[in-house]
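Model, not experiment: these values are computed from the prediction. Just so it is clear: chains get the letters A, B, ... in the order the sequence lines come, proteins before strands, and each one is counted from 1. The figures here come from the full heavy-atom set of this structure, side chains too, leaving out hydrogens, waters and symmetry mates.
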Amino acid sequence: MAAADKVDPIHQFQIHPLIPIHIGGYDVSFTNSALFMVVTIVLASGFLYMSTASRALIPGRLQSISEMAYEFVGNMLRDAAGKQGMQFFPLVFSLFMFVLVANLIGLFPYFFTVTSHIIVTFTLAILVIGTVVVYGFAKHGLGFLKLFVPHGVPGLLLPLVVAIEVISFVSRPVSLSVRLFANMLAGHITLKVFSGFVVSLSALGAVGIAGSVLPLAMAVALTALELLVAFLQAYVFAVLTCMYLNDALHPGH
Amino acid sequence: MFVTSAYAEDTAPAAAEGETHAGTAVPAEEHGTFPPFNPATFPSQILWLVITFGLFYLFLKRVVMPRLGAIIDVRNDRITQDLDQAARLKGEADAAVAAYEQELAEAKANANKIGQQASDAAKADAEGTRKKLEAELEKKLGEAEASIASIKAKAMKEVGTIAEDTTSAIVEALVGGKADKSEVAAAVKSASR
């Protein structure tokens with residue numbers, strides 16, 4: 001059983017409490033997941049804070065990275081949601097940085113990947129959709145419902161189209177969260193499986209060690225791919241957030 | 001196997017920990033549930049996500065983003081300012097070049113004018129001198145002509161007298177006897193016409 005556990009690719013997603021806390025019958029312990037959330041925000045905030053501390057006119061490398069991230073997200077939001085959308089810049093920027101840094105930290109061996117848990121990505125997605133709905137209704141009132149009624153659709157088709165639009169809107173938080181969660185989960189399971197092959201094969205002696213070169217190479221290649229996925233998923237999350245926020249600003253299609 | 005025993009050591013403290021918290025019912029340690037879908041861990045994760053992400057959001061919004069925005073704004077301002085200054089300096093340089101060229105043109109025009117004046121003056125001077133000389137020459141010519149005329153007249157008169165004398169002598173030699181002076185004079189006069 002121990003040997004099976006060693007290569008158990010699911011073990012890395014286990015959550016165990018570090019400081020048990022119970023409030024009102026709920027288990028809200030400070031877990032390894034919470035620890036890595038703290039690590040994520042401390043690293044991200046620390047980097048952004050320290051790299052910009054000198055406020056150099058001609059930026060150094062680290063300051064350039066911070067500025068690039070800032071302008072990258074800023075341009076993304078401006079392109080998707082226009083000038084009005086810039087009021088959501090702090091939200092989109094913190095979402096992007098949080099997801100990106102959490103994904104990257106997760107790539108270190110033995111580190112927990114916060115974004116590989118559906119509840120985390122779902123909470124973030126609900127935050128986005130909640131912002132869209134609350135802002136949409138606050139700004140446009142019932143006019144926000146025009147989002148579900150596209151222009152130029154024949155009357156006969158309208159009920160069908162509206163139904164499709166509603167379903168598409170409701171499935172947004174699901175797709176937004178499942179996309180990130182599934183990418184991180186699958187990537188880490190694959191990495192773990194191939195790394196497990198290396199360990200299992202090495203235990204078989206000289207032939208096994210020679211044979212373990214293949215899964216090792218695979219694990220290295222997958223690590224590079226996961227690095228790309230970590231960035232890409234943060235980008236996709238931020239881009240979709242921008243597009244949904246655009247709907248809140250301009251509900252008419 | 002070596003690997004297995006090493007792992008056994010690893011799992012021992014974890015198991016012990018699990019037992020310690022057995023009273024607090026740690027569902028994440030349960031076997032058979034896929035950890036990401038274990039609802040027992042949801043409240044804790046949501047709470048800590050809200051706390052950490054909330055703090056992160058506030059920190060970025062209050063501290064980091066104003067700072068980054070200010071850095072980029074200052075740089076853009078500086079670039080705009082520098083470009084403006086460059087444009088201003090270029091304008092000044094252009095104006096200086098234009099002024100230089102205008103002065104050059106003026107100087108050229110002045111030089112031309114002065115040259116023209118000098119040449120006109122020289123021409124006028126030369127013309128005056130020439131006219132004076134011509135007038136003098138004319139005068140001298142006139143005088144000379146007058147003197148020639150008077151000499152000629154005198155000579156002609158003398159020619160008449162000589163002719164009369166010669167005629168008298170010839171008449172005397174041919175005819176013998178003295179010829180009347182007034183007749184000789186009349187005859188010479190008519191012959192010389």
Under a 4.5 Å heavy-atom cutoff, which of B:Leu68, B:Leu60, B:Leu47, B:Val64 has the most pairs with chain A?
B:Leu68
Whatever's closer than 4.5 Å to a heavy atom in chain B on A:Ile23 counts as neither
Within 45° of the ring axis of A:Tyr49 and under 6.0 Å from its six-membered ring centre, is that where the NZ or CZ of B:Arg67 lies?
yes
Between B:Leu49 and chain A, which part of the residue has a heavy atom less than 4.5 Å away: side chain, backbone, both or neither?
both
Under 4.5 Å from any heavy atom of chain A, what part of B:Arg78 do you find: side chain, backbone, both or neither?
side chain
What part of A:Ser66 gets within 4.5 angstrom of chain B, counting heavy atoms only: side chain, backbone, both, or neither?
both
Hydrogens and angles aside, do A:His188 and A:Thr113 bring a side-chain donor and acceptor to less than 3.5 Å of each other?
yes
Tell me, for A:Ala53 versus chain B, whether the close heavy atoms (under 4.5 Å) come from the side chain, the backbone, both or neither.
both
What residue, out of B:Ile72, B:Ile46, B:Val74, has the most heavy-atom pairs lying under 4.5 Å from chain A?
B:Ile72
Could B:Lys90 and B:Asp94 be called an ion pair, given the rule that one side-chain N must be under 4.0 Å from one carboxylate O?
yes
Need one label for A:Ser202: side chain, backbone, both or neither, based on atoms under 4.5 Å from any heavy atom in chain B.
neither
Under 4.0 Å between a Lys/Arg side-chain N and an Asp/Glu carboxylate O for B:Arg88 and B:Glu92?
yes
Residue B:Phe59 versus chain A: region with a heavy atom under 4.5 Å:
side chain
Take the angle between the ring planes of A:Phe98 and B:Phe53 and call it parallel below 30°, perpendicular above 60°, tilted in between.
perpendicular
For chain B, find which of A:His117, A:Met97, A:Gln63 contributes the most heavy-atom pairs closer than 4.5 angstrom.
A:His117
Between A:Gln12 and A:Tyr110, do the side chains contain a donor N or O and an acceptor N or O under 3.5 Å apart?
no
Max heavy-atom pair count under 4.5 Å with chain B, selected residue of A:Leu91, A:Thr40, A:Leu127, A:Ile21
A:Leu91
Given that the side chain runs from C-beta out, which part of A:Leu95 has a heavy atom under 4.5 Å from chain B: side chain, backbone, both or neither?
both
Atom group of A:Phe30 that falls short of 4.5 Å from chain B, counting heavy atoms
both
With a 4.5 angstrom heavy-atom cut-off, could you sort out which part of A:Tyr26 is near chain B: side chain, backbone, both or neither?
side chain
Parallel, tilted or perpendicular: which fits the ring planes of A:Phe13 and B:Phe34, with parallel below 30° and perpendicular above 60°?
perpendicular
Tell me whether B:Glu134 is salt-bridged to B:Lys131, with the criterion being a basic N under 4.0 Å from an acidic carboxylate O.
no
Would you call B:Glu158 and B:Lys154 a salt bridge, using N to O less than 4.0 angstrom?
no
A:Ala56 versus chain B, heavy atoms under 4.5 Å apart: side chain, backbone, both or neither?
backbone
Counting only heavy atoms from other residues, nucleotides and ligands, does the tally under 6.0 Å from CE of A:Met50 exceed 12?
no
So which residue, A:Thr123, A:Leu57, A:Leu48, ends up with the most heavy-atom pairs under 4.5 Å with chain B?
A:Leu57
